[in-house]
Amino acid sequence: MKREFTKEDTLLVKGMAVLCLLFYHLFEHYERVSVMQVDYRPFSIDTFLLLSGFGNICVAVFAFLSAYGIVKGIMAAEEKADMPTPMQALYKQAVGRYLKLTAHFSAMFISVNILWFYKFNYMGLYGYGWQGILYGLVDALGLAGTYKTPTINQTWWYMELAILIIFLTPLLDYAAKKMGNYIILLGVLLPVTLTLNPDVKRYYFVVLFGVAAARGSWFEKLFAIKISGAIQGICGVLLLAVCVVVRQNYVIYHEFGYLVDAPVALVFSWFGAGVLSRLAGIRKALCCLGRHSMNIYFVHTFFYMAIYQEFIYSFRYAGLIFAVLLICSLAYSMVLEGIKKRIGFNRLLAFTGRMF
(Lines give C-alpha, C1' and ligand atoms only; values in the text may rest on other atoms or scores of the structure.)
Protein backbone atom coordinates (compact mmCIF):
# COMPACT_ATOMS: atom_id res chain seq x y z
CA MET A 1 0.00 0.00 0.00
CA LYS A 2 1.32 3.42 -0.98
CA ARG A 3 2.46 5.47 2.02
CA GLU A 4 0.90 8.93 2.05
CA PHE A 5 1.46 12.05 4.13
CA THR A 6 -1.51 11.79 6.48
CA LYS A 7 -3.33 14.19 8.80
CA GLU A 8 -1.51 12.53 11.70
CA ASP A 9 1.79 13.31 9.94
CA THR A 10 0.67 16.92 9.66
CA LEU A 11 -0.02 17.07 13.40
CA LEU A 12 3.34 15.49 14.16
CA VAL A 13 5.23 18.00 12.03
CA LYS A 14 3.24 20.89 13.52
CA GLY A 15 4.32 19.60 16.92
CA MET A 16 7.96 19.73 15.82
CA ALA A 17 7.45 23.22 14.40
CA VAL A 18 5.92 24.61 17.58
CA LEU A 19 8.90 23.30 19.57
CA CYS A 20 11.16 25.19 17.17
CA LEU A 21 9.00 28.27 17.66
CA LEU A 22 9.39 28.27 21.44
CA PHE A 23 13.14 27.63 21.26
CA TYR A 24 13.57 30.44 18.75
CA HIS A 25 11.63 33.05 20.66
CA LEU A 26 13.25 32.20 23.97
CA PHE A 27 16.85 32.31 22.79
CA GLU A 28 17.02 34.11 19.44
CA HIS A 29 19.08 37.08 20.67
CA TYR A 30 22.45 37.01 22.35
CA GLU A 31 21.45 40.06 24.39
CA ARG A 32 18.48 38.27 25.94
CA VAL A 33 20.47 35.10 26.60
CA SER A 34 23.14 37.22 28.27
CA VAL A 35 20.87 39.53 30.29
CA MET A 36 18.74 36.61 31.51
CA GLN A 37 21.92 34.69 32.37
CA VAL A 38 20.79 31.60 30.49
CA ASP A 39 23.01 28.56 30.96
CA TYR A 40 23.22 27.02 27.49
CA ARG A 41 25.76 24.28 28.21
CA PRO A 42 26.93 21.92 26.72
CA PHE A 43 26.78 24.11 23.58
CA SER A 44 29.04 27.00 22.70
CA ILE A 45 27.24 30.32 22.35
CA ASP A 46 27.70 30.24 18.56
CA THR A 47 26.19 26.76 18.22
CA PHE A 48 23.38 27.62 20.62
CA LEU A 49 22.42 30.74 18.64
CA LEU A 50 22.73 28.81 15.38
CA LEU A 51 20.17 26.28 16.61
CA SER A 52 17.84 28.87 18.11
CA GLY A 53 18.02 30.95 14.93
CA PHE A 54 17.00 27.95 12.86
CA GLY A 55 13.88 27.71 15.02
CA ASN A 56 12.04 30.34 13.01
CA ILE A 57 11.75 27.79 10.20
CA CYS A 58 8.50 27.06 12.06
CA VAL A 59 6.65 29.76 10.11
CA ALA A 60 7.70 28.26 6.77
CA VAL A 61 6.68 24.79 7.98
CA PHE A 62 3.22 26.01 9.06
CA ALA A 63 2.77 27.81 5.74
CA PHE A 64 3.95 24.79 3.74
CA LEU A 65 1.64 22.40 5.60
CA SER A 66 -1.34 24.74 5.27
CA ALA A 67 -1.00 24.99 1.50
CA TYR A 68 -0.29 21.27 1.18
CA GLY A 69 -3.36 20.35 3.23
CA ILE A 70 -5.68 22.68 1.32
CA VAL A 71 -4.58 21.25 -2.04
CA LYS A 72 -4.87 17.66 -0.83
CA GLY A 73 -8.43 18.46 0.23
CA ILE A 74 -9.17 19.90 -3.21
CA MET A 75 -7.68 16.81 -4.87
CA ALA A 76 -9.75 14.46 -2.71
CA ALA A 77 -12.95 16.31 -3.63
CA GLU A 78 -12.05 16.21 -7.32
CA GLU A 79 -11.34 12.50 -7.15
CA LYS A 80 -14.64 11.84 -5.41
CA ALA A 81 -16.64 13.91 -7.91
CA ASP A 82 -14.50 12.76 -10.86
CA MET A 83 -14.30 16.35 -12.09
CA PRO A 84 -12.50 19.61 -11.27
CA THR A 85 -14.03 21.67 -8.48
CA PRO A 86 -15.40 25.01 -9.75
CA MET A 87 -13.51 28.04 -8.50
CA GLN A 88 -16.68 29.40 -6.91
CA ALA A 89 -16.97 26.25 -4.80
CA LEU A 90 -13.30 26.45 -3.84
CA TYR A 91 -13.73 29.97 -2.54
CA LYS A 92 -16.88 29.03 -0.70
CA GLN A 93 -14.74 26.43 1.10
CA ALA A 94 -12.03 29.06 1.64
CA VAL A 95 -14.51 31.36 3.36
CA GLY A 96 -15.46 28.45 5.62
CA ARG A 97 -11.80 27.86 6.52
CA TYR A 98 -11.32 31.55 7.17
CA LEU A 99 -14.33 31.77 9.49
CA LYS A 100 -13.19 28.66 11.38
CA LEU A 101 -9.70 30.11 11.81
CA THR A 102 -11.09 33.45 12.96
CA ALA A 103 -13.49 31.80 15.41
CA HIS A 104 -10.68 29.86 17.10
CA PHE A 105 -8.44 32.92 17.18
CA SER A 106 -11.18 35.11 18.64
CA ALA A 107 -11.91 32.52 21.34
CA MET A 108 -8.24 32.64 22.31
CA PHE A 109 -8.30 36.47 22.20
CA ILE A 110 -11.29 36.58 24.55
CA SER A 111 -9.69 34.10 26.95
CA VAL A 112 -6.48 36.14 27.13
CA ASN A 113 -8.37 39.35 27.85
CA ILE A 114 -10.56 37.75 30.49
CA LEU A 115 -7.53 36.32 32.26
CA TRP A 116 -5.09 39.24 31.95
CA PHE A 117 -7.26 42.31 31.32
CA TYR A 118 -5.63 44.14 34.24
CA LYS A 119 -2.23 43.80 32.56
CA PHE A 120 -3.19 45.70 29.39
CA ASN A 121 -3.39 49.45 28.83
CA TYR A 122 -6.26 49.38 26.34
CA MET A 123 -6.66 53.16 26.13
CA GLY A 124 -2.96 53.64 25.51
CA LEU A 125 -2.90 50.91 22.88
CA TYR A 126 -6.20 51.28 21.02
CA GLY A 127 -7.19 54.83 21.90
CA TYR A 128 -10.53 56.19 23.09
CA GLY A 129 -14.13 56.12 21.86
CA TRP A 130 -15.12 54.52 18.58
CA GLN A 131 -11.50 54.43 17.43
CA GLY A 132 -10.55 52.25 20.40
CA ILE A 133 -13.54 49.96 19.87
CA LEU A 134 -12.75 49.57 16.18
CA TYR A 135 -9.05 48.83 16.79
CA GLY A 136 -9.98 46.34 19.50
CA LEU A 137 -12.44 44.58 17.20
CA VAL A 138 -9.87 44.38 14.39
CA ASP A 139 -7.38 42.86 16.84
CA ALA A 140 -9.97 40.38 18.14
CA LEU A 141 -10.63 39.18 14.59
CA GLY A 142 -6.94 38.60 13.90
CA LEU A 143 -6.77 41.37 11.31
CA ALA A 144 -4.35 43.74 13.04
CA GLY A 145 -1.44 42.40 11.00
CA THR A 146 -3.39 42.85 7.77
CA TYR A 147 -4.37 46.45 8.46
CA LYS A 148 -1.24 47.37 10.48
CA THR A 149 -3.37 48.48 13.43
CA PRO A 150 -2.48 48.19 17.15
CA THR A 151 -2.35 44.75 18.71
CA ILE A 152 -1.72 43.44 22.21
CA ASN A 153 0.58 40.75 20.82
CA GLN A 154 2.99 41.20 17.91
CA THR A 155 3.20 37.42 17.43
CA TRP A 156 -0.32 37.56 16.05
CA TRP A 157 1.06 38.94 12.79
CA TYR A 158 0.92 35.33 11.54
CA MET A 159 -2.86 35.66 11.08
CA GLU A 160 -2.14 37.90 8.09
CA LEU A 161 -0.17 35.11 6.44
CA ALA A 162 -2.64 32.40 7.46
CA ILE A 163 -5.55 34.30 5.89
CA LEU A 164 -3.55 34.98 2.74
CA ILE A 165 -2.72 31.27 2.39
CA ILE A 166 -6.39 30.33 2.64
CA PHE A 167 -7.39 32.59 -0.24
CA LEU A 168 -4.25 32.41 -2.36
CA THR A 169 -3.79 28.64 -2.43
CA PRO A 170 -6.79 27.82 -4.69
CA LEU A 171 -5.42 30.21 -7.32
CA LEU A 172 -1.92 28.74 -7.09
CA ASP A 173 -3.39 25.25 -7.30
CA TYR A 174 -5.26 26.20 -10.46
CA ALA A 175 -1.99 27.40 -11.95
CA ALA A 176 -0.22 24.22 -10.80
CA LYS A 177 -2.77 22.03 -12.61
CA LYS A 178 -1.98 23.93 -15.80
CA MET A 179 1.80 24.22 -15.40
CA GLY A 180 2.83 21.25 -13.25
CA ASN A 181 6.12 21.68 -11.40
CA TYR A 182 7.05 24.54 -13.72
CA ILE A 183 4.92 26.70 -11.45
CA ILE A 184 7.99 26.79 -9.20
CA LEU A 185 9.47 29.29 -11.67
CA LEU A 186 6.73 31.72 -10.63
CA GLY A 187 7.84 31.34 -7.05
CA VAL A 188 11.46 32.04 -7.93
CA LEU A 189 10.87 35.06 -10.16
CA LEU A 190 7.76 36.82 -8.85
CA PRO A 191 9.16 38.03 -5.49
CA VAL A 192 12.16 39.64 -7.23
CA THR A 193 10.18 41.25 -10.07
CA LEU A 194 7.30 42.72 -8.06
CA THR A 195 7.22 44.79 -4.90
CA LEU A 196 5.51 42.55 -2.35
CA ASN A 197 4.65 42.83 1.31
CA PRO A 198 7.78 41.56 3.17
CA ASP A 199 5.88 38.65 4.75
CA VAL A 200 4.32 37.72 1.43
CA LYS A 201 7.71 37.86 -0.28
CA ARG A 202 9.27 35.69 2.42
CA TYR A 203 6.67 32.92 2.32
CA TYR A 204 5.08 33.07 -1.14
CA PHE A 205 7.53 30.51 -2.51
CA VAL A 206 6.95 28.26 0.51
CA VAL A 207 3.20 28.25 -0.12
CA LEU A 208 3.74 27.54 -3.80
CA PHE A 209 6.12 24.72 -2.87
CA GLY A 210 3.40 23.19 -0.71
CA VAL A 211 0.98 23.35 -3.63
CA ALA A 212 3.48 21.70 -5.97
CA ALA A 213 4.33 19.03 -3.38
CA ALA A 214 0.67 18.08 -3.05
CA ARG A 215 -0.06 18.03 -6.78
CA GLY A 216 3.17 16.21 -7.56
CA SER A 217 2.79 13.61 -4.77
CA TRP A 218 6.30 14.43 -3.59
CA PHE A 219 5.92 12.81 -0.18
CA GLU A 220 4.55 9.61 -1.69
CA LYS A 221 7.61 9.45 -3.94
CA LEU A 222 9.96 10.11 -1.02
CA PHE A 223 8.26 7.45 1.12
CA ALA A 224 8.52 4.98 -1.77
CA ILE A 225 12.35 5.02 -1.58
CA LYS A 226 13.29 1.63 -0.16
CA ILE A 227 15.93 2.02 2.55
CA SER A 228 16.08 0.63 6.06
CA GLY A 229 14.72 2.63 8.98
CA ALA A 230 18.18 3.03 10.53
CA ILE A 231 19.76 4.33 7.32
CA GLN A 232 16.79 6.61 6.77
CA GLY A 233 17.18 8.00 10.29
CA ILE A 234 20.90 8.66 9.86
CA CYS A 235 20.37 10.28 6.48
CA GLY A 236 17.52 12.36 7.88
CA VAL A 237 19.58 13.69 10.78
CA LEU A 238 22.51 14.53 8.49
CA LEU A 239 20.26 16.19 5.94
CA LEU A 240 18.56 18.24 8.62
CA ALA A 241 21.96 19.28 10.01
CA VAL A 242 22.99 20.46 6.54
CA CYS A 243 19.75 22.44 6.31
CA VAL A 244 20.55 24.19 9.60
CA VAL A 245 24.07 25.16 8.56
CA VAL A 246 23.13 26.27 5.04
CA ARG A 247 19.99 28.18 6.01
CA GLN A 248 21.66 30.05 8.86
CA ASN A 249 24.50 31.29 6.68
CA TYR A 250 24.22 35.10 6.85
CA VAL A 251 24.16 35.73 3.10
CA ILE A 252 21.78 32.88 2.32
CA TYR A 253 19.41 33.76 5.15
CA HIS A 254 19.15 37.46 4.30
CA GLU A 255 19.41 37.35 0.50
CA PHE A 256 17.91 34.00 -0.47
CA GLY A 257 15.85 33.05 2.56
CA TYR A 258 12.58 33.05 0.63
CA LEU A 259 14.00 30.37 -1.67
CA VAL A 260 15.78 28.24 0.93
CA ASP A 261 12.90 28.03 3.41
CA ALA A 262 10.74 26.06 0.98
CA PRO A 263 12.99 23.01 0.46
CA VAL A 264 14.01 23.12 4.13
CA ALA A 265 10.32 22.97 5.12
CA LEU A 266 9.93 19.95 2.83
CA VAL A 267 12.93 18.17 4.39
CA PHE A 268 11.72 19.08 7.89
CA SER A 269 8.28 17.63 7.15
CA TRP A 270 9.69 14.48 5.55
CA PHE A 271 11.98 13.94 8.55
CA GLY A 272 9.06 14.15 10.95
CA ALA A 273 6.71 11.95 8.94
CA GLY A 274 9.31 9.51 7.65
CA VAL A 275 11.68 9.17 10.62
CA LEU A 276 10.19 10.39 13.91
CA SER A 277 6.78 8.85 13.19
CA ARG A 278 8.39 5.42 13.59
CA LEU A 279 8.91 6.13 17.29
CA ALA A 280 5.52 5.55 18.91
CA GLY A 281 6.06 7.61 22.06
CA ILE A 282 7.53 10.57 20.22
CA ARG A 283 4.81 10.37 17.58
CA LYS A 284 2.07 10.51 20.20
CA ALA A 285 3.67 13.43 22.06
CA LEU A 286 4.30 15.47 18.92
CA CYS A 287 0.78 14.85 17.61
CA CYS A 288 -0.58 16.15 20.91
CA LEU A 289 1.50 19.31 20.53
CA GLY A 290 0.37 19.59 16.93
CA ARG A 291 -3.28 19.65 17.97
CA HIS A 292 -2.54 22.57 20.28
CA SER A 293 0.01 24.29 18.03
CA MET A 294 -2.23 27.21 17.06
CA ASN A 295 -3.10 28.11 20.65
CA ILE A 296 0.53 27.67 21.75
CA TYR A 297 1.68 29.91 18.91
CA PHE A 298 -0.72 32.68 19.85
CA VAL A 299 -0.44 32.56 23.65
CA HIS A 300 3.20 31.74 24.45
CA THR A 301 4.36 35.35 24.05
CA PHE A 302 2.40 36.37 27.15
CA PHE A 303 4.31 33.83 29.21
CA TYR A 304 7.89 34.32 28.04
CA MET A 305 7.87 38.06 27.41
CA ALA A 306 4.79 40.18 28.06
CA ILE A 307 3.72 39.08 31.55
CA TYR A 308 5.78 36.30 33.14
CA GLN A 309 9.24 36.86 31.67
CA GLU A 310 11.07 36.91 34.99
CA PHE A 311 9.36 33.69 36.11
CA ILE A 312 10.11 31.82 32.88
CA TYR A 313 13.78 32.80 32.74
CA SER A 314 14.28 32.32 36.47
CA PHE A 315 14.93 28.63 35.83
CA ARG A 316 18.27 29.68 34.30
CA TYR A 317 19.07 26.47 32.42
CA ALA A 318 17.98 26.58 28.78
CA GLY A 319 16.38 23.14 28.91
CA LEU A 320 14.35 23.99 32.02
CA ILE A 321 13.30 27.39 30.66
CA PHE A 322 12.13 25.74 27.46
CA ALA A 323 10.24 23.00 29.35
CA VAL A 324 8.47 25.48 31.64
CA LEU A 325 7.32 27.65 28.72
CA LEU A 326 6.11 24.56 26.85
CA ILE A 327 4.19 23.26 29.88
CA CYS A 328 2.57 26.65 30.61
CA SER A 329 1.54 27.20 26.97
CA LEU A 330 0.27 23.65 26.50
CA ALA A 331 -1.65 23.72 29.78
CA TYR A 332 -3.30 27.00 28.76
CA SER A 333 -4.34 25.49 25.43
CA MET A 334 -5.70 22.33 27.05
CA VAL A 335 -7.80 24.32 29.50
CA LEU A 336 -9.06 26.60 26.73
CA GLU A 337 -10.01 23.68 24.50
CA GLY A 338 -11.71 21.98 27.46
CA ILE A 339 -13.81 25.08 28.10
CA LYS A 340 -14.70 25.39 24.42
CA LYS A 341 -15.83 21.78 24.39
CA ARG A 342 -17.83 22.24 27.58
CA ILE A 343 -19.77 25.26 26.31
CA GLY A 344 -20.48 23.68 22.92
CA PHE A 345 -18.17 25.96 20.93
CA ASN A 346 -16.97 23.18 18.65
CA ARG A 347 -20.50 21.90 17.99
CA LEU A 348 -21.60 25.41 17.06
CA LEU A 349 -18.60 25.77 14.77
CA ALA A 350 -19.36 22.42 13.10
CA PHE A 351 -22.98 23.47 12.59
CA THR A 352 -22.08 26.79 10.98
CA GLY A 353 -19.35 25.07 8.95
CA ARG A 354 -21.94 22.95 7.17
CA MET A 355 -23.10 26.12 5.44
CA PHE A 356 -19.84 26.16 3.45
Side-chain angles (χ1 to χ4, degrees), residues 5-26 28 52 54-70 72-73 97-98 100-109 111-112 142 145 153-166 169 199 203 206-207 210 261 264-266 268-273 276-277 279 281-305 322-341 345-346 349:
F5 191 87
T6 64
K7 291 183 178 180
E8 185 180 56
D9 291 326
T10 299
L11 289 176
L12 185 152
V13 177
K14 283 184 176 180
M16 294 169 57
V18 85
L19 291 177
C20 289
L21 166 76
L22 299 184
F23 193 70
Y24 171 67
H25 277 167
L26 281 170
E28 61 178 302
S52 64
F54 180 76
N56 77 347
I57 191 63
C58 61
V59 178
V61 173
F62 287 132
F64 175 86
L65 292 176
S66 296
Y68 182 90
I70 290 172
K72 279 297 185 181
R97 290 190 192 96
Y98 165 70
K100 182 178 179 181
L101 171 68
T102 302
H104 282 293
F105 176 85
S106 296
M108 183 277 307
F109 179 92
S111 74
V112 163
N153 188 341
Q154 294 299 324
T155 306
W156 292 347
W157 73 268
Y158 181 78
M159 281 293 289
E160 174 190 11
L161 180 60
I163 293 168
L164 181 68
I165 291 170
I166 288 173
T169 300
D199 294 330
Y203 298 109
V206 174
V207 173
D261 276 359
V264 171
L266 176 67
F268 188 97
S269 301
W270 165 81
F271 179 79
L276 294 186
S277 65
L279 307 173
I282 291 178
R283 181 179 67 244
K284 186 175 181 180
L286 289 175
C287 285
C288 176
L289 289 177
R291 291 186 188 93
H292 294 274
S293 58
M294 175 179 164
N295 288 336
I296 293 173
Y297 195 130
F298 289 132
V299 81
H300 77 282
T301 307
F302 295 107
F303 288 109
Y304 92 94
M305 179 179 289
F322 177 82
V324 171
L325 178 59
L326 175 60
I327 291 170
C328 290
S329 302
L330 179 59
Y332 188 103
S333 179
M334 286 180 168
V335 171
L336 176 60
E337 291 304 312
I339 294 172
K340 285 159 68 175
K341 183 177 181 180
F345 177 88
N346 295 327
L349 206 57

Could you measure the distance from the NE2 atom of His25 to the CG atom of Leu325? Nearest 0.5 Å is fine.
10.5 Å

What's the separation between atom CG in Asn295 and atom CE in Met334, rounded to the nearest 0.5 Å?
11.0 Å

Apply side chain to side chain contact (heavy atoms under 4.5 Å, CB included) to residues Arg283 and Cys287 and explain how you reach the verdict.
CA-CA 6 Å; Arg283 181 179 67 244; Cys287 285; 4.2 Å; yes

If you measure from OG on Ser277 to CG on Leu279, what distance do you get to the nearest 0.5 Å?
8.0 Å

Arg97/Leu101 under side chain to side chain contact (heavy atoms under 4.5 Å, CB included): CA gap, chis, key distance, verdict
CA-CA 6 Å; Arg97 290 190 192 96; Leu101 171 68; over 6 Å; no

Which word best sums up how the rings of Phe298 and Trp156 line up, parallel for under 30°, tilted for 30 to 60°, or perpendicular for over 60°?
perpendicular

Non-hydrogen atoms of Val13 and Gly272 that approach each other most closely
CG2-CA, 4.4 Å

Report yes or no: do Glu28 and Asn56 form a side-chain donor-acceptor pair below 3.5 Å?
no

Counting C-beta onward and ignoring hydrogens, is there a side-chain heavy-atom pair between Thr6 and Asp9 closer than 4.5 Å?
yes

For side chain to side chain contact (heavy atoms under 4.5 Å, CB included), just list the numbers for Leu164 and Tyr203, CA-CA rounded to whole Å, side-chain angles, deciding distance to a tenth of an Å, and then say yes or no.
CA-CA 10 Å; Leu164 181 68; Tyr203 298 109; over 6 Å; no

For residues Ala63 and Leu161, report the shortest heavy-atom separation together with the two atoms involved.
CB-CD2, 4.4 Å

NE2/His104 to NZ/Lys340 distance, rounded to the nearest 0.5 angstrom?
5.0 Å

Which heavy atom of Gly142 sits nearest to which heavy atom of Ile163, and what is that distance?
O-CD1, 4.2 Å

Grab the two heavy atoms, one from Ala17 and one from Cys58, that are nearest each other, plus how far apart they are.
O-CB, 3.2 Å

In the structure I gave you, are the side-chain heavy atoms of Leu65 and Phe5 within less than 4.5 Å of one another anywhere?
yes

Heavy-atom distance under 4.5 Å between the side chains of Ser269 and Phe64, does that happen here?
yes

Supply the atom-to-atom distance Leu336 CG to His292 NE2, rounded to the nearest 0.5 angstrom.
9.5 Å

If you measure from CG on Leu21 to CG on Leu289, what distance do you get to the nearest 0.5 Å?
11.5 Å

Hey, are Tyr332 and Ser111 close enough side-chain-wise for a donor-acceptor pair under 3.5 Å?
yes

Aromatic plane relationship, Tyr297 with His300 - under 30° parallel, 30 to 60° tilted, over 60° perpendicular:
perpendicular

Minimum heavy-atom separation for Ile165 and Ser66, please, with both atom names.
CG2-CB, 3.9 Å

Test item: Lys14 and Val18 side chains (from C-beta on) under 4.5 Å apart, heavy atoms
no

Could you walk me through whether Asp261 and Val59 pass side chain to side chain contact (heavy atoms under 4.5 Å, CB included), step by step?
CA-CA 9 Å; Asp261 276 359; Val59 178; over 6 Å; no

Closest heavy-atom pair, Leu349 versus Ala103, reported as atoms and distance to 0.1 Å, is CD1-CB, 3.5 Å

State, with a plain yes or no, whether a side-chain heavy atom of Leu19 is found less than 4.5 Å away from one of Phe322.
yes

